Amino acid sequence: MNAEFWVAFATGVVALAALITSSAGATRARVKAIEDAYIDRYWQILDRFPADALVAEDGTGCCGEELKAVRLYLRLCEDELELRQLGWVGRKSWQQWCSGIRAQLSQWPIAAEWAPVRDGQRAPHQFALLRQLDADPDYDPYHPRSPIDHITRIWRGL
């Protein structure tokens, strides 16, 4: 083996390392963009909540646009769980989102709307992941399926 071979081999290794690094960076950027979009959605929905809910006080009830905002929040939570299941929400963000979701599920007005959904009286075929999270505080819907998924998880920060 001559010097030309080793130069070509080293160049190939460097190119492969650059490709892997740039791909991982692009994936992390995509995860961050998705997380940011869902944070924006969260604040848009929260802006529509009843004023009492913003200071964690129980109100009398929700109707109209306020009730719609509460239901949109439950849908947002289920969407966030689905994104985490697919690997598009990072570990650190998930830890924050998870604790926030669990806290909201026990506070008015979310708790009032969540109870019949949780118990299957309303939307029995929806919100399966949210029900699991409510039942198990350690629940994480993300489960790598292969060794490649584990490597990807490390690169993505999942």
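These numbers come from a predicted model, not from an experiment. Just so it is clear, the values below take in all heavy atoms, side chains as well, and ignore hydrogens, waters and symmetry mates.
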Filter on salt bridge (charged side-chain N to carboxylate O under 4.0 Å, His left out), then keep only pairs touching residues 96-107, sequence neighbours left out; what's left? none
So, do Tyr42 and Trp97 sit near enough that their side-chain heavy atoms are less than 4.5 Å apart? no
So do the side chains of Arg30 and Trp88 get within less than 4.5 Å of each other, counting heavy atoms only? yes
Lys68 meets the salt bridge (charged side-chain N to carboxylate O under 4.0 Å, His left out) criterion, sequence neighbours left out, with none
List in chain and number order the residues that pass salt bridge (charged side-chain N to carboxylate O under 4.0 Å, His left out) with Arg48, two or more places apart in sequence or in another chain; answer none if no residue qualifies. Glu65
Residue of the set Arg122, Arg131, Gln104 for which side-chain contact (heavy atoms from CB on, under 4.5 Å) holds with Trp114: Arg131
Which heavy atom of Ala111 sits nearest to which heavy atom of Ser106, and what is that distance? CB-C, 3.7 Å
Would you please name every residue forming a side chain to side chain contact (heavy atoms under 4.5 Å, CB included) with Glu4, sequence neighbours left out? Asn2
Indicate yes or no for a side-chain donor-acceptor contact from Arg84 to the backbone of Val89 under 3.5 Å, with no hydrogens or angles considered. yes
Derivation of the side-chain contact (heavy atoms from CB on, under 4.5 Å) call for Glu66 and Val70: CA-CA 6 Å; Glu66 291 176 344; Val70 169; 5.8 Å; no
What I'd like to find out is whether the side chain of Leu81 reaches to under 4.5 Å of the side chain of Gln85, using heavy atoms alone. no
Quick one: list whatever passes side-chain hydrogen bond (donor to acceptor under 3.5 Å, both in side chains) with Gln132, sequence neighbours left out. Tyr139
Can you list the steps and then say if Arg91 with Tyr142 is a side-chain contact (heavy atoms from CB on, under 4.5 Å)? CA-CA 9 Å; Arg91 182 179 33 83; Tyr142 181 71; over 6 Å; no
Taking the six-membered ring for Trp, are Phe49 and Tyr73 parallel (under 30°), tilted (30 to 60°) or perpendicular (over 60°)? perpendicular
Sequence neighbours excluded - salt bridge (charged side-chain N to carboxylate O under 4.0 Å, His left out) pairs with any residue from residues 70-81: Arg41-Asp79, Arg71-Glu113
I need the minimum non-hydrogen distance between Ile45 and Leu72, along with the two atoms involved. CD1-O, 3.7 Å
On a heavy-atom basis, which atom in Cys98 and which in Pro137 lie closest, and how many Å separate them? SG-O, 4.3 Å
Kindly give the heavy-atom pair with the smallest separation between Ala112 and Trp108, and that separation in Å. CB-CD1, 4.2 Å
Taking a hydrophobic cluster as the set of Ile, Leu, Val, Met, Phe, Trp and Tyr residues connected by side-chain heavy atoms closer than 4.5 Å, whether directly or through intermediates, do Ile110 and Leu129 fall within one such cluster? yes
